[in-house]
Amino acid sequence: MANARYWLMKSEPTSFSIQDLRAAPKKTTSWDGVRNYQARNFMRAMQRGDQVLFYHSNADPPSIVGIAEVVREAYPDQTAFDPKDSHYDPKSTRAKPVWDMVDIRLRRIFASPIPLDRLRDESRLQRMELLRKGSRLSVQPVRPEEWALILSLAGS
DNA sequence: GCCAACGTTGGC
DNA sequence: GCCAACGTTGGC
């Protein structure tokens with residue numbers, strides 16, 4: 001895993017929580033429903049073995065709650081094809097898919113989630129996309145040094 | 001529940 | 001190409 005890279009993915013726990021991921025078959029899920037080009041492009045850049053911080057947005061408090069791993073690289077998001085799905089997008093067809101998803105598998109749930117406020121306290125994390133005012137990007141890269149610091153905050 | 005920030009859409 | 005209107009995100 002020398003070349004593993006690091007990412008952060010947001011999910012509202014009322015929609016899909018890290019506990020839901022733990023309960024999923026093989027503790028694995030498809031990260032469907034992303035409808036933002038920048039986030040999609042980051043998913044397309046993901047490689048098997050890349051590590052992912054799992055973030056609970058719209059939570060109390062919003063927090064990084066654990067770690068997952070990319071187990072399948074980008075492939076077409078089927079939910080975009082289904083008119084009955086809330087993520088349906090007629091722009092995306094089976095012949096020319098617009099939206100992709102990846103599969104991730106749970107690695108670890110933090111005993112103590114790291115709240116957003118705690119992250120803001122860290123001068124070394126000030127460049128994180130997550131902390132940028134107005135940032136809404138749901139899939140974003142994380143620098144190796146940020147990853148290391150966050151893991152140290154989570155404890156071993 | 002509020003609302004600022006953001007991305008997308010569509011009229012022109 | 002501009003930009004107002006709109007819908008969504010997500011912290012508070």
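Every chain is numbered from 1, with letters handed out A, B, ... down the list of sequences. Model, not experiment: these values are computed from the prediction.
Residue contacts for A:Arg132: at a heavy-atom cut-off of 4.0 Å it reaches the sugar-phosphate backbone alone, with no base atom in range.
The NE2 atom of A:His56 sits 14 Å away from the C1' atom of C:dG10 (whole-angstrom rounding).
For A:Trp31 and A:Phe54, the gap between ring centers is short of 6.0 Å.
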Write out a two-atom table: protein N or O, nucleotide N or O from nucleotides 4-9 of chain C, distance below 3.5 Å.
{"from": "C:dT8", "atom 1": "O2", "to": "A:Arg136", "atom 2": "NH1", "distance (Å)": "2.9"}

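Partner A:Glu122 forms a side-chain hydrogen bond (donor to acceptor under 3.5 Å, both in side chains) with one of A:Arg118, A:Gln126, A:Arg124 and no other, that one being A:Arg118.
A salt bridge is absent between A:Arg40 and A:Asp100: the closest approach of a Lys/Arg side-chain nitrogen to an acidic carboxylate oxygen does not fall below 4.0 angstrom.
Side-chain atoms of A:Asp77 come within 3.5 Å of backbone atoms of A:Gly33 as a donor-acceptor pair (strictly under, hydrogens ignored). A:Thr28 places no side-chain N or O within donor-acceptor distance of the main-chain N or O of A:Arg105, the cut-off being under 3.5 Å.
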